[in-house]
Novice: 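For reference, the structure I am asking about is given below.
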Amino acid sequence: MKELLELLAKAVVDEPDEVRVSVVEGEKSIILQLHVAPDDIGKVIGKQGRIAKAIRTIVKASAVKEGKRAIVEIIG
Amino acid sequence: MAKAIETEGNTVDEAVEAALSKLGVDRKSVEVEVIKEGGVSFAGGLDQSRAMVRVSLIEEGIKRVVGLVKNIIDSLGVQGNIRVLDDESSAKIKKINVDGPDVGLLIGRRGETLAAIQAIANIVMRKSGTNKKLEIDIENYRERRAERLKEMAKQAAERALRLRRPVLLGPMNAYERRVVHVALQDNNQVFTMSEGEEPGRQVRITPKQ
């Protein structure tokens with residue numbers, strides 16, 4: 001799931017080397033914190049949060065497979 | 001990063017030739033956008049204007065996107081084959097198809113995962129300098145869904161006419177609503193309109209007086 005989020009974030013940003021994902025894993029849920037370069041925050045959020053929503057949707061599909069709830073937080 | 005260049009020439013063909021030799025590729029792997037037609041303008045006397053084109057590599061974008069989609073599918077633990085369709089019917093849309101035994105996960109509820117993957121893929125397309133749109137279909141989901149929506153639209157229109165009152169369809173995303181509007185645009189007995197806010201936006205089919 002972590003790799004998937006990294007993959008998606010790197011695809012949309014201008015500075016893929018700055019993409020970091022840290023994971024806080026609970027029993028039923030998993031929190032993924034996405035860190036990107038300050039100038040790329042807008043890129044991962046998108047107009048009206050459209051890109052953030054798309055990223056979350058794909059990560060959630062992956063979480064469903066593992067029987068968990070995934071929360072993606074975007075941190076600059 | 002954008003693999004696109006602009007060139008000039010006496011004619012459009014000349015400008016394209018110049019671009020191709022600069023990029024070192026053949027005509028098939030590029031997309032040409034004419035910025036300015038060349039030729040002689042007689043408006044203010046003899047003024048030879050030069051043609052200007054923008055030439056971009058299409059294959060670059062497609063290749064990267066196919067790689068990305070493949071990686072997403074792999075990360076989701078789904079086995080899927082990706083095919084790039086050679087559909088020349090539309091110059092603006094490039095279609096790829098994903099097939100496999102358990103691709104349902106990639107479609108998601110009401111196609112939302114499919115829409116999300118396509119959204120990300122199109123950002124990568126744009127970043128690689130092509131102005132083509134990518135359309136992803138999974139096990140013909142889009143096609144099947146479009147057929148169902150068209151049928152639904154037709155039946156709802158008949159119902160609206162029979163009951164002589166508007167009929168409201170269920171919530172749909174922009175793409176699906178468009179299919180409904182297009183399906184009924186030639187029906188001159190009803191008109192269609194979308195109302196409400198995303199994600200609950202719905203199509204209302206109203207009989208004309």
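Chain identifiers are assigned alphabetically (A, B, ...) following the order of the sequence lines, protein sequences preceding nucleic acid strands; residue numbering begins at 1 within each chain.
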Novice: Could you tell me whether Arg145(B) sits above the aromatic face of Tyr175(B), with NZ or CZ closer than 6.0 angstrom to the six-membered ring centre and within 45 degrees of the axis?
Specialist: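 Pair Arg145(B)/Tyr175(B) does not count as cation-pi.
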Novice: Quick check: does any side chain N or O of Arg164(B) sit under 3.5 Å from a backbone N or O of Pro207(B), one acting as donor and the other as acceptor?
Specialist: no
Novice: Between Glu33(B) (side chain only) and Arg54(B) (backbone N and O only), is there a donor and an acceptor less than 3.5 Å apart?
Specialist: no
Novice: Tell me, side chain or backbone of Val13(A) under 4.5 Å from chain B's heavy atoms, or both, or neither?
Specialist: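 Looking at Val13(A), just its backbone touches chain B.
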Novice: So which bits of residues 70-80 of chain B come within less than 4.5 Å of chain A, counting non-hydrogen atoms only?
Specialist: Asn71(B), Ile72(B), Ser75(B), Leu76(B), Gly77(B), Val78(B)
Novice: Please answer whether the main-chain N or O of Ile205(B) pairs with a side-chain N or O of Thr192(B) as donor and acceptor at a distance below 3.5 Å.
Specialist: no
Novice: So for Lys10(A), is it side chain, backbone, both, or neither that comes closer than 4.5 Å to the heavy atoms of chain B?
Specialist: backbone
Novice: Has Lys28(A) got more than 12 heavy atoms of other residues, nucleotides or ligands less than 6.0 Å from its NZ?
Specialist: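 At most 12 heavy atoms, drawn from other residues, nucleotides or ligands, come within 6.0 Å of this atom.
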Novice: Verify, without hydrogens or angle tests, whether Asp99(B) (side chain) and Asn81(B) (backbone) share a donor-acceptor contact under 3.5 angstrom.
Specialist: no
Novice: Tell me which of these, Val64(A), Ile51(A), Ile58(A), has more heavy-atom pairs under 4.5 Å with chain B than the rest.
Specialist: Ile58(A)
Novice: What part of Ile123(B) is in contact with chain A, defined as an atom under 4.5 angstrom from a non-hydrogen atom: side chain, backbone, both or neither?
Specialist: side chain
Novice: Can you check whether Leu169(B) reaches Gln202(B) side chain to side chain, under 4.5 Å on heavy atoms?
Specialist: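 Side-chain contact under 4.5 Å: no.
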Novice: Does a side-chain heavy-atom distance below 4.5 Å link Ile136(B) with Ile82(B)?
Specialist: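 The answer is no; the side chains never approach within 4.5 Å.
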Novice: Do you know which of Gly46(A), Ala11(A), Ser62(A) has the most heavy-atom pairs with chain B at a distance under 4.5 angstrom?
Specialist: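 Counting heavy-atom pairs under 4.5 Å, the top option is Ala11(A).
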